[in-house]
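Structure first, commentary second.
Order of appearance sets the numbers: ligands from 1, and atoms from 1 within every ligand.
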Amino acid sequence: MNEHDSEKVAGVLLARGYRQVETPESASLILYNTCSIREKAAQKLFSRLGVYRDLLGGEQKIGVLGCVAQQEGEAIFARAPWVSLVCGSASYRNLPQLLAQLEAGEERVSGLGIDTDETFETEVTRRDNPWRAYITIIEGCDKACAYCVVPFTRGPERSRDSARILAELRKLAELGYSEVQFLGQTVNSYADPSPRKMRFSELLLEAAQVPGIRRVRFTTSHPRDFTPDIVAAIDAHPGICNHVHLPVQSGSTRVLRAMQRTYSRDEYLEKIAMIRGARRRTAITTDIIVGFPGESEAEFDETLSLLDVVKYDGVFSFKYSPRPNTPATAMPDAIPEEEKSRRLSLLQEKQRRIQIESLRGLAGNIFEVHVDGKSKKENHWHGHSSCNRVVNFASTQDDILGRYVAVRVNGCTPNSLLGEHTSN
Ligand code: SF4
């Protein structure tokens, strides 16, 4: 999402007549986009700003964007007086105006409001991937997970008008993009503000019918809002990718309550059963936090057992670490760092075994692979399946970059499939 924000910000600059340069030294304006999902994000920001100051000698204007800009606010000007612009992601729609103020000679400008019902609409968006385009369909988040900064940094949920989303998609298809990824912190909580009131599943179906669009992805889904019509849409149209990223965070209902995730273990498993009940075999991936304050050994074991039950196709796992302004920072019974690390490695090792077993079971299957790169090894390529698996394969053809080809699987590594290009 942050990467796509950067693409959109670059689009705003291009529309104002700016031109992109290759190095910080040759820039007259540097915008540094930040993310606070990692620990010590503020510390890293100030050390990077120090590097810019030393490297650039004060000639350039420097701006800070994103979640850390939102969190630190105008305190950034006090700690790094060589910064001219601070803007949180909920205020990006004000960027053209902030840039105009800077160009008019103002020393310091900021956009830090989060109480908004507007979305960030851009005319021009510079895109880094030649085939896969990202489209934000919903910004902000109205959930209140106890560990998460997003509601404080990105503001309340605001969905974009479905007609504007589809118009943007048609334009992208005309430009040659064949794959789109709809983005949102809780993408499936999409609520069309236009009179058409399209459901999320209807938007997926309509997007999949846009001429030239071969694949429609979406991320990240919130389990509470994952409804049967989304599964029905995946079943109804092969252009909607058979991959669902459904973060669970913990396998223990008690921990889920403490996290304020709004579902229990059983309710989550009902959603999994619904997806598994689809006609198309759909890959499921998830996010897990280990060592949330107060997580007992038995509760952690429930997360391990969830892995056995669901058999995820991929897991992004993290040690809990506190974030400023979040309720979880005040919770008692912090888990010691070494214990968090122990739990994380146990979980990752378990998942590694589950994943290898399921990837091995795919030998002999044929996948449609979108070829997105050439490997160093001669006659070898890599790409993604509709279910978002990485596939490395051999092909004697040399003009397949960007194409969709059939690959027969003949092996695997812990994280990818191996195969060969086939005409069947
Ligand atoms: S749903 Fe996601 S973005 Fe929203 S508060 Fe929870 S973790 Fe954060």
Side-chain angles (χ1 to χ4, degrees), residues 1-5 33-39 41 66-71 88-92 114-117 119-120 134-160 181-191 200 217-227 230 244-265 267-268 271-272 284-295 303 306 312 314-331:
M1 190 134 198
N2 242 23
E3 280 174 27
H4 182 47
D5 281 351
N33 194 3
T34 59
C35 169
S36 51
I37 213 86
R38 302 272 171 218
E39 231 181 325
C67 289
V68 186
Q70 188 67 50
Q71 267 171 6
S89 45
S91 300
Y92 285 162
I114 58 164
D115 190 15
T116 176
D117 55 5
T119 51
F120 180 33
Y134 298 96
I135 298 185
T136 303
I137 66 164
I138 172 170
E139 296 175 15
C141 182
D142 281 350
K143 314 284 188 288
C145 303
Y147 52 83
C148 181
V149 291
V150 166
F152 307 98
T153 56
R154 288 186 173 266
E157 259 172 34
R158 289 102 64 202
S159 294
R160 289 178 63 206
Q181 182 152 356
F182 285 152
L183 298 176
Q185 306 291 341
T186 52
V187 74
N188 57 325
S189 310
Y190 177 76
F200 175 62
R217 300 187 182 280
F218 54 96
T219 197
T220 292
S221 296
H222 192 283
R224 196 189 70 187
D225 299 335
F226 207 87
T227 44
I230 304 173
V244 175
H245 185 66
L246 201 66
V248 66
Q249 308 301 4
S250 167
S252 147
T253 296
R254 210 272 319 153
V255 175
L256 288 170
R257 284 224 177 91
M259 289 177 164
Q260 294 169 203
R261 286 291 291 174
T262 71
Y263 51 84
S264 65
R265 175 189 172 103
E267 283 161 346
Y268 180 86
K271 305 284 178 177
I272 296 292
I284 305 176
T285 53
T286 200
D287 296 336
I288 290 178
I289 296 172
V290 300
F292 190 73
E295 181 191 68
T303 301
L306 190 86
Y312 288 107
V315 172
F316 298 89
S317 48
F318 308 89
K319 290 188 279 185
Y320 168 77
S321 63
R323 290 292 174 277
N325 303 322
T326 57
T329 51
M331 288 182 181

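- With ligand atoms numbered from 1 in the order given, ligand 1 contributes 1 (S), 4 (Fe), 5 (S) to contacts under 4.0 Å with heavy atoms of Lys143.
- Heavy-atom proximity to Thr186, at under 4.0 Å, picks out these atoms of ligand 1: 1 (S).
- Regarding atom 8 (Fe) of ligand 1, its nearest protein heavy-atom neighbour is Cys148 SG, 2.3 Å.
- Among all heavy-atom pairs drawn from Arg265 and Leu256, the shortest one is N-CD1, 3.7 Å.
- In this structure, Thr286 contributes its side chain and Leu246 its backbone to a donor-acceptor pair below 3.5 Å.
- By the criterion of a heavy-atom distance under 4.0 Å, neither the backbone nor the side chain of Thr220 is placed next to ligand 1.
- Contact detail for Asn2 and Asn33: the closest heavy-atom pair is O-ND2, 3.3 Å.
- Tyr268 and Pro247 get closest at one heavy-atom pair: CE1-O, 3.9 Å.
- Against a heavy-atom cut-off of under 4.0 Å, His222 is close to the following atoms of ligand 1: 1 (S).
- For a distance bound of 2.8 Å, the N, O or S atoms of Cys141 include one lying that close to atom 4 (Fe) of ligand 1.
- Near Pro151, meaning under 4.0 Å from one of its heavy atoms, ligand 1 places the atoms 5 (S).
- In this structure, Phe200 has its ring center under 6.0 Å from that of Phe218.
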